[in-house]
Protein chains: 2
Amino acid sequence: MTAAPRARRSDATRAAILRAARERFAADGYDRATIRAIAAEARIDPSMVMRYYGSKEGLFAAAVEFDLRLPALTELPPEQLGGLLVRHFLDRWEGDETLAALVRTATTNPGAAERMRTIFAEQLAAAMSGLGDPTEAPRRAGLVASQILGLALTRYIIRLPPVVDMDPAELVAWVAPTVQRYLTGPTPAWA
Amino acid sequence: MTAAPRARRSDATRAAILRAARERFAADGYDRATIRAIAAEARIDPSMVMRYYGSKEGLFAAAVEFDLRLPALTELPPEQLGGLLVRHFLDRWEGDETLAALVRTATTNPGAAERMRTIFAEQLAAAMSGLGDPTEAPRRAGLVASQILGLALTRYIIRLPPVVDMDPAELVAWVAPTVQRYLTGPTPAWA
DNA sequence: TGTCGATGTCAACGAGCGTTGGCCTACAGT
DNA sequence: ACTGTAGGCCAACGCTCGTTGACATCGACA
């Protein structure tokens with residue numbers, strides 16, 4: 001349980017730092033984002049960042065707390081799961097730059113990669129756990145993640161022109177069947 | 001045309017630098033890899049790297065020249081394209097660390113992202129250009145890239161356990177139908 | 001053999017970074 | 001009104017990095 005959230009006089013500053021941190025980390029990734037740039041954007045001194053978050057790593061950890069806000073998949077129309085999930089991820093991605101910060105950083109920073117694995121396991125895989133064969137659920141969740149993260153990578157990070165230019169609805173129409181099959185399709189035969 | 005490749009006495013050194021560079025860039029990404037570490041691994045002085053490649057950026061550009069070695073897609077059995085492509089990418093990825101270097105770097109480095117876009121356009125999209133409706137081909141190529149790169153990201157970079165643990169054959173069996181549909185499936189209806 | 005460019009080593013510069021400690025200021029509790 | 005403490009700024013340290021230039025050495029060619 002979090003301790004009593006006694007209002008501190010510095011709460012506004014702390015929030016400004018966090019907001020600036022998310023913005024810089026999302027735009028530049030962990031290494032290229034600097035405490036100095038974050039402080040400048042929050043219009044405070046770099047030393048305040050240290051005082052409130054201890055270190056750059058501490059700030060990053062605080063800045064990338066993230067909730068996918070996945071709905072309970074078992075309560076949705078089973079045949080629409082793919083489309084709903086893809087749409088939800090697109091919305092979530094465009095409404096919160098935290099995910100960009102995480103992916104940009106996770107490719108080179110072991111801690112951020114671990115955070116992504118945790119989010120995956122505790123949120124996506126957990127949300128899917130009641131869907132089918134429990135021994136197969138993690139693999140299916142992994143496949144869903146591969147398509148969803150690949151979509152995010154090509155659309156928002158690397159920015160492949162055709163993927164950037166596609167309408168969200170068109171994207172959903174193309175990708176939803178893939179996710180749907182990973183979620184509820186039959187296990188393919190393999191040697 | 002490349003100029004006459006007159007043998008230089010330093011060719012072995014240059015090759016050693018390039019090999020070390022690929023290894024460090026692949027493991028750490030552009031920012032975290034240091035000229036000093038690359039030089040140490042190549043057992044030469046950091047200043048030699050500068051002499052032969054001009055700058056860290058120049059070294060990176062030389063180190064990530066990359067050929068996907070895609071076969072001519074129009075000459076393959078059309079109904080096996082998906083499986084063959086997925087298998088080819090997995091092999092290519094595991095046999096050459098250059099791709100890891102590129103993806104690790106492209107998330108934070110605009111130049112590397114541009115290089116990825118070029119590889120995509122000149123190699124993947126180009127290889128697919130004879131496959132179907134030319135106005136639709138780039139979009140289909142983008143979708144293929146999203147699934148393939150997502151697979152690479154989750155398996156080799158972020159290392160989501162279920163995706164890491166899956167057998168290559170199992171992975172191909174799951175993902176091939178996705179790629180196959182992106183390549184040759186009907187255009188989905190969308191509002 | 002003598003010469004000159006290519007090859008390689010060494011030490012250092014200058015910049016940017018995370019981080020620290022000292023100091024001033026302003027507000028809350030008495 | 002007094003005082004302690006939290007909030008805030010400034011200057012600097014120590015480190016690592018890319019990069020540079022001076023100097024030593026080797027090897028091909030005349």
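Heavy atoms only: backbone and side chains are in, while hydrogens, waters and symmetry mates are out. Predicted model, so just to flag it, every value in this text is computed and none were measured. Each chain gets a letter, A, B and so on, in the order its sequence line appears, and its residues count up from 1.
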Think B:T13 has a side-chain N or O under 4.0 angstrom from the OP1 or OP2 of C:dT7?
no
Spacing between B:R51 atom CZ and D:dC23 atom P, to the nearest angstrom
15 Å
When the distance from CZ of B:R14 to C1' of C:dT7 is rounded to whole Å, what number comes out?
10 Å
Which pairs with one or both residues in residues 67-90 of chain A pass salt bridge (Lys or Arg N to Asp or Glu O under 4.0 Å), sequence neighbours excluded?
none
N/O donor to acceptor pairs below 3.5 angstrom from side-chain atoms of residues 35-54 of chain B, sequence neighbours left out:
{"residue": "B:D45", "atom": "OD2", "partner": "B:S47", "partner atom": "N", "Å": "2.9"}
{"residue": "B:D45", "atom": "OD2", "partner": "B:S47", "partner atom": "OG", "Å": "2.7"}
{"residue": "B:Y53", "atom": "OH", "partner": "B:R14", "partner atom": "O", "Å": "3.2"}

For B:M50 and C:dA6, what is the distance between atoms CE and C1' respectively, to the nearest whole Å?
18 Å
When you measure from every atom of DNA chain D, which of residues 19-46 of chain B have a heavy atom less than 4.0 Å away?
B:A33, B:T34, B:I35, B:R36
Given DNA chain C, 5'-ward residue of the pair A:G54 and B:M48, judged by closest heavy atom
B:M48
Any non-hydrogen side-chain atom of B:L160 less than 4.5 Å from a side-chain atom of A:M116?
no
Reckon A:Y52 touches a base, only the sugar-phosphate, or nothing at all at heavy-atom distances under 4.0 Å?
sugar-phosphate
Here the salt bridge (Lys or Arg N to Asp or Glu O under 4.0 Å) pairs for residues 122-147 of chain B, sequence neighbours left out, are A:E170-B:R139, B:E136-B:R140
Would you give me the side-chain donor-acceptor pairs under 3.5 Å for residues 177-185 of chain A, sequence neighbours excluded?
{"residue": "A:T178", "atom": "OG1", "partner": "B:R181", "partner atom": "NH2", "Å": "2.8"}
{"residue": "A:T178", "atom": "OG1", "partner": "B:Y182", "partner atom": "OH", "Å": "2.8"}
{"residue": "A:Q180", "atom": "OE1", "partner": "A:L81", "partner atom": "N", "Å": "3.3"}
{"residue": "A:Q180", "atom": "OE1", "partner": "A:G82", "partner atom": "N", "Å": "2.8"}
{"residue": "A:Q180", "atom": "NE2", "partner": "A:P78", "partner atom": "O", "Å": "2.9"}
{"residue": "A:Q180", "atom": "NE2", "partner": "A:T184", "partner atom": "OG1", "Å": "3.1"}
{"residue": "A:R181", "atom": "NH1", "partner": "B:W174", "partner atom": "O", "Å": "3.0"}
{"residue": "A:R181", "atom": "NH2", "partner": "B:W174", "partner atom": "O", "Å": "2.9"}
{"residue": "A:R181", "atom": "NH2", "partner": "B:T178", "partner atom": "OG1", "Å": "2.7"}
{"residue": "A:Y182", "atom": "OH", "partner": "B:Q147", "partner atom": "OE1", "Å": "2.8"}
{"residue": "A:Y182", "atom": "OH", "partner": "B:T178", "partner atom": "OG1", "Å": "2.8"}
{"residue": "A:T184", "atom": "OG1", "partner": "A:Q180", "partner atom": "O", "Å": "3.0"}

Can you check the B:K56 NZ to D:dT20 C1' distance for me, whole Å?
17 Å
Among D:dG7, C:dG21, C:dT9, find the nucleotide with the atom closest to the side chain of A:S47.
C:dG21
Taking salt bridge (Lys or Arg N to Asp or Glu O under 4.0 Å) as the cut-off, I'd like each qualifying pair that reaches into residues 155-168 of chain A, sequence neighbours left out, listed once.
A:E94-A:R155
Just to be sure I understand the rule, does B:S55 reach a base, reach only the sugar-phosphate, or reach nothing, if contact means heavy atoms closer than 4.0 Å?
sugar-phosphate
Tell me: CZ of A:F60 to C1' of C:dG18, nearest whole Å?
16 Å
